Amino acid sequence: MDNVDDPDLSPIIMIIKFPNIQVLSAKNRKENTNLEVDIKLLQEMLKHGGVKPKSLPIRSINVYHHYMDYEPYISTYQDTWNRLSIHSQVEMDIRQCGYSLTLMQLNNMSISSTDHNINHDDNSTDVTVDECHRIISTNAQCWCCGYHFDKCWKCESLCMGCNSKRLTPSANDIQIKIKSQRHKTHTHLIADEEDFSVFE
């Protein structure tokens with residue numbers, strides 16, 4: 001499923017229609033990806049016997065879209081699928097960044113309290129910063145050099161592979177597509193030139 005599918009259809013319908021499905025893909029559905037709603041549907045199914053624990057062969061879930069920022073229910077979502085699957089751990093294509101900023105990094109960048117939870121101790125000058133909860137795709141990589149990112153683009157503003165400035169997830173993926181298209185076009189041009197030289 002993707003952004004061209006009926007927005008009223010939940011990806012959960014796929015496990016009802018295809019109970020032997022192993023990979024559930026519902027990517028780029030910005031307007032209708034709702035992990036909280038999906039959790040409630042799955043838990044209702046479990047509660048009323050629509051599906052039994054450890055009965056589905058599902059092994060992988062893909063729900064990422066470029067505008068995913070915060071998903072407070074990601075752990076519950078993961079746990080619910082783990083409870084349903086015959087596999088011990090269902091793979092997902094999203095995870096939390098999990099990066100902790102130092103005090104020096106805080107001073108060097110603009111950061112809001114919604115980005116990280118900042119706790120000030122009145123009796124100390126120390127600042128405790130919780131881990132970043134932004135969502136990052138497990139497949140995120142630099143459009144320029146292909147380096148696989150470990151942290152979100154806010155916590156790590158430069159690519160560790162080529163030192164280029166990181167783009168937003170949507171802009172980064174657009175550049176990857178443009179680069180891929182150029183490579184295909186270039187490959188076709190070379191192939192056409194080789195075919196033409198045969199007839200010279």
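Values reported hereafter were calculated over all heavy atoms of this structure, with side chains retained and with hydrogens, waters and symmetry mates removed. Keep in mind it's a predicted model, so treat the numbers as computed, not measured.
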#### Entry: E91 atom CD: more than 12 heavy-atom contacts under 6.0 Å
no
### Task
Decide side chain to side chain contact (heavy atoms under 4.5 Å, CB included) for I15 and W81; before the verdict, give the C-alpha distance in whole Å, the side-chain angles of both, and the deciding distance to 0.1 Å.
CA-CA 11 Å; I15 66 166; W81 281 112; 4.0 Å; yes
### Summary
Contacts satisfying salt bridge (charged side-chain N to carboxylate O under 4.0 Å, His left out) that involve residues 139-151 (not counting sequence neighbours) are K151-E156
### K27 to Y64, cation-pi by 6.0 Å centre distance and 45° axis angle
no
### hydrophobic_cluster_shared for M45 and I61, side chain cutoff 4.5 Å
yes
### Query
Between K40 and E44, does at least one N-O distance fall below 4.0 Å, as a salt bridge requires?
no
### Task
Kindly determine whether N62 and L24 satisfy side chain to side chain contact (heavy atoms under 4.5 Å, CB included), including the steps that lead there.
CA-CA 6 Å; N62 302 315; L24 178 60; over 6 Å; no
### Message
Using the rule that Ile, Leu, Val, Met, Phe, Trp and Tyr join whenever any side-chain heavy atoms are under 4.5 Å apart, tell me whether L41 and I16 fall into a single cluster.
### Response
yes
### Query
For N82, does its backbone N or O pair with a side-chain atom of K54 as donor and acceptor, under 3.5 Å?
yes
### Query
Side chains of L158 and R166: does their closest heavy-atom pair fall under 4.5 Å?
no
### Task
Evaluate the side-chain proximity of Q96 to E131: yes if any heavy-atom separation is below 4.5 Å, no if none is.
no
### Task
Working to the nearest 0.5 Å, report the span between CD1 of I39 and OH of Y73.
8.0 Å
### Query
For the hydrophobic clusters of this structure (ILVMFWY residues joined by side-chain heavy atoms under 4.5 Å, transitively), does one cluster hold both I13 and Y77?
yes
### Message
Between H66 and N28, do the side chains contain a donor N or O and an acceptor N or O under 3.5 Å apart?
### Response
no
### Message
Are C132 and S100 packed together at the side-chain level, in the sense that at least one heavy-atom pair is separated by less than 4.5 angstrom?
### Response
no
### Query
Taking T80 for the side chain and T76 for the main chain, is one N or O donor matched with an acceptor at less than 3.5 Å?
yes
### Task
State, yes or no, whether a side-chain contact exists between L167 and W153 at a heavy-atom distance under 4.5 Å.
no
### Query
Distance from Q22 atom CD to R59 atom CZ, nearest 0.5 Å?
5.0 Å
### Message
Walk me through whether C144 and C159 qualify under side chain to side chain contact (heavy atoms under 4.5 Å, CB included).
### Response
CA-CA 9 Å; C144 190; C159 172; over 6 Å; no
### Query
N172 side chain to W143 main-chain N or O, any donor-acceptor pair under 3.5 Å?
yes
### Query
Mind checking whether L84 and L46 have side chains closer than 4.5 Å, heavy atoms only?
yes
### Task
Show your reasoning for whether side chain to side chain contact (heavy atoms under 4.5 Å, CB included) applies to C162 and Y147.
CA-CA 8 Å; C162 63; Y147 176 84; over 6 Å; no
### V37 with I58, same ILVMFWY side-chain cluster at under 4.5 Å
yes
### Message
For the NE2 atom of H148 and the OG atom of S137, what is their distance to the nearest 0.5 Å?
### Response
10.0 Å
### Message
Minimum heavy-atom separation for R95 and F149, please, with both atom names.
### Response
NH2-O, 3.7 Å
### Task
Please confirm whether the backbone N or O of M68 pairs with a side-chain atom of H65, one donor and one acceptor, at under 3.5 Å?
yes
### Task
Give a yes or no answer on whether the side chain of Q78 reaches the backbone of V90 with a donor-acceptor pair at less than 3.5 Å.
yes
### Message
Just verifying a value: how many Å separate T33 OG1 and D38 CG, rounded to the nearest 0.5 Å?
### Response
8.0 Å
#### Entry: Note, D69 side chain near R134 side chain (heavy atom, < 4.5 Å)
yes
### Query
Quick one: does S180's side chain have a donor or acceptor within less than 3.5 Å of a partner on I176's backbone?
no
### Flag side-chain contact, heavy atom, 4.5 Å: V63 against I94
yes
### Query
About how many Å separate SG of C97 and CD1 of I135, when rounded to the nearest 0.5 Å?
10.0 Å
### Message
Taking the side chain as everything from C-beta on, heavy atoms only, tell me whether S164 gets closer than 4.5 Å to C142.
### Response
yes
### Query
With hydrophobic residues grouped by side-chain heavy-atom distances under 4.5 Å, do I86 and F18 end up in a single group?
no
